[in-house]
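One structure below.
Both counts, for ligands and for their atoms, begin at 1 and track the order of listing.
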Amino acid sequence: MKYYITTPIFYPNSSPHIGTAYTTVAADALARYHRLLGDEVYFLTGTDENAQKIVRTAESNHVDPRTYVDGVVKRFKELWKALDISYDDFIRTTEERHQNVVQQIFTKLYEKGDIYKSEYSGWYCTPCETFWLENKLVEGKCPNVDCGRDVELLKEESYFFRLSKYQDALLKHLAEHLEFIQPVSRRNEMLRFIESGLEDLCVSRTTFQWGIKVPFDPKHVVYVWLDALINYISALGYPDGENYKRYWPADVHIMGKDIVRFHAVIWPIILMALDIPLPKVIYGHGWYLTKDGGKISKSRGNVQDSFELIQRYGSDAIRYFLLREMQVGTDGTYSEDNVVERLNSDLANDFGNFVSRSLAMVVKYRNGIVPCPGQDGAQEREVKALSHEVKKAVEKRFEACDPAGALEEIWRFVSRCNKYVDETAPWVLAKHEEEQEHLDTVLYTFMECIRVMAILTAPFMPGLPPRICALLGLDEGIIRWEEADQWGILKHGLKVEKGEQLFPRIDISQYATAEETKTVELGQTQDQTISKAQDQDQKELTEPPALCSEFEPIKEEISIEDFAKLDLRVAKILSAEKVEKTDKLMKLEVEVAGVVRTVVSGIAKHYAPEDLVNQYVVLVANLKPTKLRGIMSQGMILAASQGEVLEVLMVNKDLPGGALVK
Ligand code: ME8
């Protein structure tokens with residue numbers, strides 16, 4: 001099977017950002033998935049360079065447009081490399097191979113009578129590169145909800161493309177191919193738009209020279225959208241190129257909702273007029289918004305440097321975040337807070353923790369040698385059955401271009417694996433001679449779970465498989481999609497290593513301080529950030545409860561004097577509330593020796609606020625205060641935890657807040 005997927009070609013009027021990265025990472029995950037299926041994949045991205053706004057930006061930077069775009073295109077390519085984007089081709093619309101095809105097509109459409117000469121009199125929005133009729137303007141400005149900027153009055157001789165002629169054919173195509181525009185909300189919008197009547201489109205300009213010349217009338221340059229859309233076939237070598245014959249029609253054009261209109265109307269009509277097949281799916285995803293709801297965009301100037309983010313958290317973590325956070329058909333919220341939260345909860349706590357716990361157990365109980373499993377019990381059968389279910393569900397989600405949904409399914413499996421550790425409690429099995437075969441089965445199954453998790457997540461986080469292979473002592477690949485629900489693939493006898501944490505936790509307190517005071521030094525590596533974080537006093541608060549204390553060796557001896565340094569006190573909880581936008585943190589007001597303090601504690605998953613109020617707990621009263629999620633936490637309350645279970649230590653005798661615990 002062949003699979004041809006494209007991103008929009010982005011305007012190189014400024015560097016790429018989280019929004020452009022989202023589309024490209026989503027396309028990359030789909031491309032990688034299809035490669036794993038064994039499909040012959042062609043993945044195209046590129047830059048849209050013949051826009052009037054490029055000329056304006058270059059002018060304001062006092063360079064010629066060519067020099068300007070060359071610099072920005074380099075940034076695009078560097079970012080895609082840093083994000084492990086596996087494109088097969090990168091097209092620039094200033095390349096000759098593209099320009100020739102655009103000129104050929106323009107001429108063909110003109111000769112056919114689908115393009116004709118007339119005069120355009122109306123408005124143009126340069127930031128959106130869009131023509132607008134007077135009656136569409138909103139208070140004299142661009143009606144695009146995300147723009148609203150000034151428009152310019154144009155009155156010039158122009159060529160027009162007969163969109164109106166193809167309106168019925170387009171509606172018929174939409175009616176016969178319900179999957180053509182996705183998701184369904186975008187399809188409905190487009191249907192309404194087309195049904196309201198298509199006007200012929202102005203497709204040339206004469207007031208500037210940057211762009212592709214109309215071959216038979218060179219004072220005209222081709223309208224940038226007509227030019228840009230053609231990239232999807234010019235890159236393949238239309239009309240005779242081998243790639244064109246092999247890969248057209250595209251399987252998916254993926255893009256943001258802002259440009260679905262161009263792809264769902266102008267593009268199919270160009271193709272109909274050329275009498276060539278239409279793409280199979282046009283997929284319009286939502287936008288990444290900032291916390292206060294604005295679209296992340298170059299023109300709004302709210303763009304965070306993506307290179308910094310990758311350097312801080314790693315490409316896999318950023319890819320994971322982007323793909324997980326934006327739900328199908330809706331917008332996503334981007335903030336660095338959200339990135340850290342996802343990284344800590346999904347990657348460090350769920351995924352990374354399972355991998356490190358299970359490897360640690362193989363090291364501890366079997367000297368790092370993967371044992372030969374015995375008979376499966378009910379729990380193993382359940383885990384395996386879930387892998388079949390999840391693999392199928394993930395495939396469906398991929399078909400629907402829904403990476404967030406696919407990740408959600410995969411995390412059902414990851415959670416089940418963590419639950420399996422707690423259910424089987426290998427540390428208990430290890431103590432009983434008659435349970436040794438059972439322990440072998442459990443440990444072997446753990447390793448297989450890691451393998452399955454690595455396969456399922458490979459399209460999303462391509463940096464993981466080599467790291468996991470290294471931990472499992474494998475030099476060959478283990479990433480074969482068809483084996484994501486097959487078991488017994490790993491050979492027993494492999495020598496595994498505990499290795500480094502795949503996703504070290506980012507200390508939220510350090511992060512929160514950094515957010516507020518901008519103290520994270522840019523350019524430091526992720527490891528440096530983390531080792532700093534690990535120096536923080538209150539790391540325990542954010543440590544995942546799932547970390548098995550069973551496997552924590554008893555710490556070094558301390559003297560009674562050392563112990564006496566701790567000031568442990570009974571504290572009365574006066575009030576409790578969950579910290580917004582976290583699922584773990586609870587903010588407590590406690591009373592100790594007549595003074596009220598605020599303490600932030602990682603117990604929110606285990607207690608409702610009302611269960612805590614008026615309880616007496618044990619407080620480490622002389623712990624250096626630290627900020628958690630922007631709240632200054634003055635001390636720490638003690639809790640016992642094992643696996644998923646956590647209990648706050650409470651004092652039931654009638655002792656006042658402030659009484660010593662010793
Ligand atoms: O429109 N959230 O280029 P462009 C999610 N050159 N995606 C976003 C986003 C955000 N906040 N901001 C941008 C063009 N995008 C034309 C395309 S194609 C033949 C020509 C992504 O640089 C999203 O994919 O303005 C959106 O559609 C695209 O960038 C617009 O990129």
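At under 3.5 Å, not a single nitrogen or oxygen of His263, backbone or side chain, sits near a nitrogen or oxygen of ligand 1. Checking only distances, Leu229 never comes within under 3.5 Å of ligand 1, N or O to N or O. Not a single N or O atom of Met326, backbone or side chain, sits closer than 3.5 Å to an N or O atom of ligand 1. Ligand 1 has an N or O atom lying under 3.5 Å from an N or O atom of Gly256, backbone or side chain. For ligand 1, the polar-atom distance check finds an N/O of Thr23 within less than 3.5 Å of one of the ligand's N/O atoms. Close N/O approach between Asn231 and ligand 1 is not found [any backbone or side-chain N/O within under 3.5 Å].
Proximity to Asp258 (heavy-atom distance under 4.0 Å) selects the following atoms of ligand 1: 26 (C), 27 (O), 30 (C). Every atom of ligand 1 is numbered from 1 in the order shown, and the set under 4.0 Å from a heavy atom of Ile259 is 1 (O), 17 (C), 27 (O). In summary, the atoms of ligand 1 found under 4.0 Å from a heavy atom of Thr20, numbered by their order in the structure, are 15 (N), 29 (O). Here is the list of ligand 1 atoms found below 4.0 Å of a heavy atom in Tyr232: 18 (S), 19 (C). The ligand atoms of ligand 1 that sit less than 4.0 angstrom from a heavy atom of Asp48 are 6 (N), 16 (C), 20 (C). Within ligand 1, counting atoms from 1 as listed, the ones closer than 4.0 Å to a heavy atom of Gly286 are 5 (C). Close contacts of ligand 1 with Ala228, meaning ligand atoms under 4.0 Å from a residue heavy atom, involve 19 (C).
Under a 4.0 angstrom heavy-atom cut-off, Phe262 registers as lying outside contact with ligand 1. Residue contact check for ligand 1: His285 places a non-hydrogen atom closer than 4.0 Å to it. Within the structure, ligand 1 lacks Lys257 among the residues with a heavy atom less than 4.0 angstrom away.
Across all their heavy atoms, Lys136 and Pro143 have their closest contact at O-CB, 3.1 Å. Considering every non-hydrogen atom in both Leu236 and Asn243, the closest pair reads O-CB, 3.5 Å.
Asp217 and Tyr159 form a side-chain donor-acceptor contact under 3.5 Å, judged by distance and modelled atom types alone. With hydrogens and angles left out, the side-chain atoms of Glu49 and Thr94 include a donor and acceptor closer than 3.5 Å.
Looking at Ser14, Ala26, Gly19, it is Gly19 that brings a heavy atom closest to atom 10 (C) of ligand 1.
Of the options Phe460, Trp411, Phe351, a ring pair (Phe, Tyr, Trp, His ring centres under 6.0 Å) to Tyr320 is made by Trp411 and by none of the others.
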Under the ring pair (Phe, Tyr, Trp, His ring centres under 6.0 Å) criterion, do Tyr223 and Phe131 qualify, and how do the steps go? CA-CA 10 Å; Tyr223 169 48; Phe131 296 97; 4.8 Å; yes
